[in-house]
Amino acid sequence: MTSHDRVHADPVPAAPTAEIAWQRTVAEHLAAVVFLAPAPRTVEMPLAEASGLALAADVVAPRDLPGWDCSAMDGFAVRRSDLLTAGLSTEGGEVVLPVVGDVPAGAVAPDGLPAGSAVRVMTGAPVPPGTDTVVAVELTDVPRGPVPLPAQVRVHGLPPLGEAVRGRGSDVAAGQVVAGAGSRLDALTLGSLAAVGVSSVPVHSAARVRVVATGDELVPLGSEPGPGQLVDCNSWLLHGLATSLGHPCERVTLNHDDPERMAADLPSLLADVDLLVFTGGVSAGAFEVVRQCLQPRGVEFGQVAMQPGKPQGVGVLDGVTVLCLPGNPVSAVVSFLAFARPWLDAASGRPSPAPVRAVVDDAWRKKPGRAQFMPVVLEATDGRLLARRRSSDGSLSHLASRLAGVAGFVVVPADADGVREGDLVEVMMVPGS
Ligand SMILES: Nc1nc2c(c(=O)[nH]1)N[C@H]1C(S)=C(S)[C@@H](COP(=O)(O)OP(=O)(O)OC[C@H]3O[C@@H](n4cnc5c(N)ncnc54)[C@H](O)[C@@H]3O)O[C@H]1N2
Ligand code: MOO
């Protein structure tokens, strides 16, 4: 905590120890955090409200799509053998057929097609039983566009059998799986289910999240910071990440460093959420409000071999998983993506995203010992995804303004001493970027 007036302020609270409960690799801490995720809840939800959620079961088509044999073109439905009989061949010629009906999209097709006749059909409209081919309007003497139903049609091209006829169920047959269990209801999956008429789906509900920024140096967005103060950005960063992953999230700022006051607020902070995320006040200073409040209550504070994001806390209070992330803004973002996101994925039944691989368009050194999360911009060039450092100041944890435009973080393994131009690396992506 860096508040200007703290220098002369309250006595130091009766501090628990600043003991380091554990030292872990990123993989070890990830496993410890994800282990705490509860089994996903399953609910039946209207499709319209299920965007972004994961399906809890396979969803099958309740009916065939298309629901009838239909036309793929504006034209005339015929029996192809009638065209051949009337003298049309692949060599050429033309035939005239009487037009005995009109089927716009949305209409019901006539029961059948009298021999040697045609029915005008529009794209998507049902074709009468017995027809097997649609002659596009361009292959006839009928002009394109809004013309009255002609009494007859002159056909001057022989389409192949089955041309422009879509069979019933040719997209999906009733009972076939449209989207499998675990699929995320992105726009296209949601639209597919709407197409087959699925209006409600079994899903894993999103997790309810509360993010709490702490520190008496913080002032809310819109206020002018005084000496030693700064605008809280972490609550916005973490709230934005949680909501962009589709989890409802409440944003709280506690601009004090009083562990007793925080303890009094704990029941309401823990109420009605699945995941409570603190940021700030976890390290080794004299006024680490989160550590001082939560360590005596069983939350463990330790160090993870990563940069940024070394100090971390984790525990369970009243059945709620509590993650305590560092206060430096880049550290908070990296920690959220590395640990809170996988917890959220597990608790909401979503598969972890496949790692994105990119080629480094840059080179930098690092000290071996801690995994590094380097903020990068990504650029697709010549079929390759190039990762370039967002800033030559690298992965420094306080560079809040340089988070703008960051697409992800190149994960440099702990034992590496740097990255060379052309290296293929894994990128931990910022959701929605
Ligand atoms: N003696 C040691 N000092 C520190 C260590 C250590 O091991 N020994 N670890 C360092 C590392 S690494 C990190 S990361 C930070 C983490 O510190 P805290 O989690 O206790 O965070 P604070 O001290 O509260 O804040 C750090 C920094 O970030 C600013 N901050 C905090 N919250 C916000 C917010 N919501 N919006 C914007 N900025 C925020 C805060 O003002 C500080 O400047 O500890 C190192 N120290
Ligand atoms: O871990 Mo801290 O986040 O390096 O600055």
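Values below: every heavy atom of this structure, side chains too, minus hydrogens, waters and symmetry copies. Counting starts at 1 for both ligands and their atoms, in listed order.
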Using a 3.5 Å cut-off and no angle test, enumerate the donor-acceptor pairs between side-chain atoms of residues 420-428 and protein atoms at least two apart in sequence or in another chain.
from   : atom 1 : to     : atom 2 : distance (Å)
Asp423 : OD2    : Arg420 : N      : 2.9
Glu426 : OE2    : Arg357 : NH1    : 3.4
Glu426 : OE2    : Arg357 : NH2    : 3.4

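Near Ala213, meaning under 4.0 Å from one of its heavy atoms, ligand 1 places the atoms 35 (N). Contact atoms of ligand 1 toward Glu288: 20 (O) (distance under 4.0 Å to a heavy atom of the residue).
At least one heavy atom of Val231 sits less than 4.0 Å from an atom of ligand 1. The closest approach between a heavy atom of Cys233 and any atom of ligand 1 is below 4.0 Å. At least one heavy atom of Ser331 sits under 4.0 Å from some atom of ligand 1.
Judged as a side chain to side chain donor-acceptor pair (under 3.5 Å), and not counting sequence neighbours, the contacts of Asp232 are Ser235, Thr253. Applying the ring-ring contact (aromatic ring centres under 6.0 Å, His included) test to Phe339 and every residue at least two apart in sequence or in another chain returns His29.
Between Asp417 and the options Arg365, Arg370, Lys366, a salt bridge (Lys or Arg N to Asp or Glu O under 4.0 Å) holds for only Arg365. The only option from Gln312, Arg341, Lys310 that meets the side chain to side chain donor-acceptor pair (under 3.5 Å) definition with Ser335 turns out to be Gln312.
Scanning Gly327, Ala400, Gly281, Gly309 for the heavy atom closest to atom 24 (O) of ligand 1 points to Gly281. Of all the listed residues (Ala332, Ser283, Ser397), Ser283 holds the heavy atom that lies closest to atom 16 (C) of ligand 1. Between the choices His398, Lys310, Gln312, the shortest heavy-atom distance to atom 7 (O) of ligand 1 belongs to Lys310. Closest to atom 26 (C) of ligand 1 by heavy atom, among Ile20, Val334, Asn328, Leu218, is Asn328. Summarising the contacts of atom 33 (C) of ligand 1 with Val282, Asn234, Val219, the nearest heavy atom is found in Asn234.
At a 3.5 angstrom cut-off on N or O pairs, Thr279 does not count as close to ligand 1. For Pro329, no nitrogen or oxygen atom sits less than 3.5 Å from a nitrogen or oxygen atom of ligand 1, counting backbone and side chain alike. Residue Asp232 places at least one N or O, backbone or side chain, under 3.5 Å from an N or O of ligand 1.
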Under 3.5 Å: N or O atoms of ligand 2 paired with protein N or O:
from     : atom 1 : to     : atom 2 : distance (Å)
ligand 2 : 1 (O)  : Gly309 : N      : 2.6
ligand 2 : 1 (O)  : Lys310 : N      : 2.6
ligand 2 : 3 (O)  : Gly309 : N      : 2.6
ligand 2 : 3 (O)  : Ser331 : OG     : 2.4
ligand 2 : 4 (O)  : Arg370 : NH2    : 3.4
ligand 2 : 5 (O)  : Ser397 : OG     : 2.6

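When heavy-atom distances to ligand 1 are checked against a 4.0 Å cut-off, Pro311 comes that close only through its side chain, counted from C-beta outward.
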Take Phe301 and Cys324, measure what side chain to side chain contact (heavy atoms under 4.5 Å, CB included) needs, and give me the verdict at the end. CA-CA 8 Å; Phe301 290 82; Cys324 306; 3.7 Å; yes
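Between Asp69 and Arg168 no salt bridge is recorded (no basic side-chain N to carboxylate O distance below 4.0 Å).
Side chain of Asp74 to backbone of Val121: no donor-acceptor contact under 3.5 angstrom is found.
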